[in-house]
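Let me begin by presenting the structure, written as structure tokens, before commenting on it.
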Amino acid sequence: MNEKMRILKMIEDGKISAAEAADLLASLDGGGGDRPVPPPFRAHDEAASSRRDEQQRGSERSLYDSSYRDLGEKFESFARDAAPKVEKFTKAFAEKIVGATDKLSDTFVPEGEHDPQRAPSPSPSRKAKNTVEKQVELLVEPDGSNELNLTCLNGDVRIRGYNGDKITARITYRANKSGAPIEIKKLGGKYTLHYEPEDFCTVSIDAFVPERAFGVIKVDLMNGNFDVSTLSANEIHFTNANGNTSIAEISAVKFFAEASNGRLSVSKIASDSATIENLNGSTEANDIDIANLKLTNYNAPLSIIMSKFSRHTNYIWNVETGNAKLGINLPSARDVGYHIKAHASMGKIRVGLADLKYVINEPYVVEAQSANLDYAAKKIRLAAETSNAPLLIN
């Protein structure tokens, strides 16, 4: 183990502070250490590349946007003061639990209605006796400013986009009082599942929705399974707590998904920018063609499988896990180039991509880029980080 890695290990073991480590690393650099700390990453500027000869190709490259500048600065700090991430993940976990508890306090069914340890799953006889089904059909006027807002509780959500002009839905519910109103209302360009939460024990929806009729789509659920697919909008927001979540074939300029206490599956998501988070459940992401991605998973494994990058020229991905394995499978193609920076706190990194040039190749910190990155048609900048588990990139 070289001197720099010994210093990083001392941080992880709590023997020295990040500031003390920075001083030690600086002294190593001044004394001709075994390997210099790399400068902040500079992304390739294609407009200037034609004016640089072969001797200048290894010099600093200008950043092509501010997002990647922030990413480079973050990873520069890995080699200097890479403190363990356990405290960070613990804090995030606590904050999310508090937030979920606040929401649940407003949506749990009264005592005696169902087992509070799990989302209700009534038998056919109970369902027939205690639940009501309501069929709804509502014409949607085509308008890019339309907004769809659906919120359910203690039940399941299933929504499919289709090539039509009507919302066709079956609402299944149990009310706390007789005659409590529930309906899909249209107010201006906003279409909302309208009811008073305190008047209902459960609200579920199974709906077909015009695929491209809305500029904004928001779907929220507490205590149930969430299954939404084939929708397109400028902005899409999905949240689910205490149930499995499946999201597929979604197209959006901005995409946001947050889940907790259940498995999260996202596939065939096309977006300019996206934030995807999960807490206490495994996450699987397949063919998510997103230019700017922040993907975070806590306390469960995260797996990403990509067959191709097709929609964008430049990709900036920030992928992070806590207390669980992170596995990423990426395509190898002549027109695809990678710049990878990875950090594993109290874990080990394995990178299996071919034709990589390594700037740093240590068990806990890796920086490498494809030999063809400068002239690749698709450039993928990947920042990957985990704690207490291995990090695999193949």
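Values in this document were obtained by computation on a predicted structure and should not be read as measured data.
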(message) side-chain contact (heavy atoms from CB on, under 4.5 Å) for Glu147 and Lys218? Distances and angles first, verdict last.
(response) CA-CA 8 Å; Glu147 181 174 325; Lys218 297 180 180 179; 4.2 Å; yes
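- The residues Glu367 and Lys341 are annotated as salt-bridged, a charged nitrogen and a carboxylate oxygen being separated by less than 4.0 angstrom.
- Using a 4.5 Å heavy-atom cutoff, the side chains of Asp272 and Asn292 are not in contact.
- Taking all atoms of both residues into account, the shortest heavy-atom contact from Thr230 to Ile250 is N-CD1, 4.1 Å.
- Under 4.0 Å is where a charged nitrogen must lie from a carboxylate oxygen, and between Asp227 and Arg160 at least one such pair does.
- Without hydrogens or angle criteria, Thr386 side chain to Ala324 main chain gives a donor-acceptor distance under 3.5 Å.
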(message) Working note: Ser260 + Asn280, criterion side-chain contact (heavy atoms from CB on, under 4.5 Å); need CA distance, chi angles, decisive distance, verdict.
(response) CA-CA 6 Å; Ser260 61; Asn280 295 334; 6.0 Å; no
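- Residues Ser370 and Asp355 fail the side-chain proximity criterion, which asks for heavy atoms closer than 4.5 Å.
- Exactly one of Asn261, Leu264, Val266 qualifies for a side chain to side chain contact (heavy atoms under 4.5 Å, CB included) with Asn278. That residue is Leu264.
- Annotation: the span from Ile205 atom CD1 to Leu221 atom CG amounts to 11.0 Å, rounded to 0.5 Å.
- Between Cys201 and Leu153 the shortest heavy-atom distance is O-CD1, 3.1 Å.
- Aromatic ring orientation, Phe238 versus Phe255: perpendicular (interplanar angle above 60°, classes split at 30° and 60°).
- Between the side chains of Ser204 and Thr172, not a single donor N or O lies within less than 3.5 Å of an accepting N or O.
- Between Val136 and Thr168, the closest side-chain pair of non-hydrogen atoms is not below 4.5 Å.
- For Tyr162 (side chain) and Lys166 (main-chain N/O), a donor-acceptor pair under 3.5 Å exists by modelled atom type.
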(message) Determine whether Lys294 and Glu320 satisfy the following criterion, side-chain contact (heavy atoms from CB on, under 4.5 Å), listing intermediate values before the conclusion.
(response) CA-CA 8 Å; Lys294 180 176 175 57; Glu320 203 168 34; 4.3 Å; yes
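- Between the side chain of Ser271 and the backbone N or O of Val253, at least one donor-acceptor pair lies under 3.5 Å.
- Between the side chain of Asn372 and the main chain of Arg334, a donor-acceptor pair closer than 3.5 Å is present.
- A 6.0 Å sphere centred on NZ of Lys348 holds no more than 12 heavy atoms belonging to other residues, nucleotides or ligands.
- A distance of 13.5 Å separates CD1 of Ile236 from NZ of Lys254, quoted to the nearest 0.5 Å.
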(request) For side-chain hydrogen bond (donor to acceptor under 3.5 Å, both in side chains), just list the numbers for Asp287 and Ser307, CA-CA rounded to whole Å, side-chain angles, deciding distance to a tenth of an Å, and then say yes or no. (result) CA-CA 6 Å; Asp287 285 333; Ser307 62; 2.8 Å; yes
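- The minimum heavy-atom distance between Ala377 and Thr313, with the atom names listed, is O-CG2, 3.3 Å.
- Defined by atom type and a distance below 3.5 Å, a donor-acceptor pair is present between the side-chain atoms of Asn297 and Thr283.
- More than 12 non-hydrogen atoms from other residues, nucleotides or ligands lie less than 6.0 angstrom from CG of Leu139.
- In summary, Arg158 and Asp206 engage in a salt bridge, as defined by a charged side-chain N under 4.0 Å from a carboxylate O.
- Linking Ile, Leu, Val, Met, Phe, Trp and Tyr residues whenever their side-chain heavy atoms come within less than 4.5 Å places Val157 and Ile182 in a single cluster.
- More than 12 non-hydrogen atoms from other residues, nucleotides or ligands lie less than 6.0 angstrom from CG of Asp335.
- To the nearest 0.5 Å, the span separating CG on Leu353 from CD1 on Ile340 amounts to 4.5 Å.
- A 4.5 Å side-chain heavy-atom check between Leu382 and Val319 finds at least one atom pair inside the cut-off.
- Summarising the geometry, atom CD1 belonging to Ile290 is positioned 8.0 Å from atom CG belonging to Leu295; distances are rounded to the nearest 0.5 Å.
- Contact annotation: the side chain of Val351 approaches that of Val366 to within less than 4.5 Å [non-hydrogen atoms, C-beta and beyond].
- A continuous path of hydrophobic side-chain contacts links Val132 to Tyr195 [ILVMFWY only; heavy atoms under 4.5 Å].
- Rounding to the nearest 0.5 angstrom, the gap separating the CD1 atom in Ile276 from the CD1 atom in Ile269 is 6.5 Å.
- The backbone N or O of Asn244 sits less than 3.5 Å from a side-chain atom of Asn225, completing a donor-acceptor pair.
- Checked against a 6.0 Å centroid threshold, the rings of Tyr191 and Phe214 count as neighbours.
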(message) Using the rule given for side-chain hydrogen bond (donor to acceptor under 3.5 Å, both in side chains), can you reason through Asn223 versus Asn154, listing the C-alpha separation, both sets of side-chain angles and the distance that settles it, and then say yes or no?
(response) CA-CA 5 Å; Asn223 304 327; Asn154 302 319; 2.7 Å; yes
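- Leu356 is connected to Ile328 through a chain of hydrophobic side-chain contacts under 4.5 Å among Ile, Leu, Val, Met, Phe, Trp and Tyr, so both are in one cluster.
- Residues Ala175 and Ala180 approach most closely at CB-CB, 4.3 Å, considering heavy atoms.
- You'll find the side chain of Ile217 stays beyond 4.5 Å of the side chain of Ile159, heavy atoms only.
- Under the 3.5 Å distance criterion, the side-chain polar atoms of Thr202 are matched with a main-chain donor or acceptor of Arg174.
- Ring to ring, Trp317 and Tyr338 are not that close: their centroids are 6.0 angstrom or more apart.
- Under a 4.0 Å N-O distance rule, the pair Arg311/Asp289 does not qualify as a salt bridge.
- The environment of NZ in Lys378 is crowded: more than 12 heavy-atom neighbours from other residues, nucleotides or ligands sit within 6.0 Å.
- Of the candidates Ser303, Ser282, Pro390, Lys325 forms a side chain to side chain contact (heavy atoms under 4.5 Å, CB included) with just one, namely Pro390.
- The line from CD1 of Ile349 to CG of Asn361 is 9.0 Å long, rounded to the nearest 0.5 Å.
- Between Lys186 and Leu138, the shortest heavy-atom contact is CB-CD2, 4.3 Å.
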(request) Dump the intermediate steps for side-chain contact (heavy atoms from CB on, under 4.5 Å) on Ile380 and Leu330, then the final yes or no. (result) CA-CA 10 Å; Ile380 293 86; Leu330 301 171; 5.6 Å; no
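- Contact detail for Ala376 and Val336: the closest heavy-atom pair is CB-C, 3.9 Å.
- Remark: Glu141 CD is loosely packed, at most 12 non-hydrogen atoms of other residues, nucleotides or ligands lying under 6.0 Å away.
- Using a 4.5 Å heavy-atom threshold, the side chains of Pro210 and Val140 count as touching.
- Cluster annotation: Met306 is connected to Leu302 through the hydrophobic network of ILVMFWY side chains, with a link wherever side-chain heavy atoms come within less than 4.5 Å.
- Side-chain atoms of Asn299 and Asn323 form a donor-acceptor pair, as typed in the model, at a separation below 3.5 Å.
- Between Asn149 and Leu193 the shortest side-chain heavy-atom distance does not fall below 4.5 Å.
- Under a hydrophobic-cluster definition in which Ile, Leu, Val, Met, Phe, Trp and Tyr are linked whenever side-chain heavy atoms come within less than 4.5 Å, directly or via other members, Val365 and Val359 are assigned to the same cluster.
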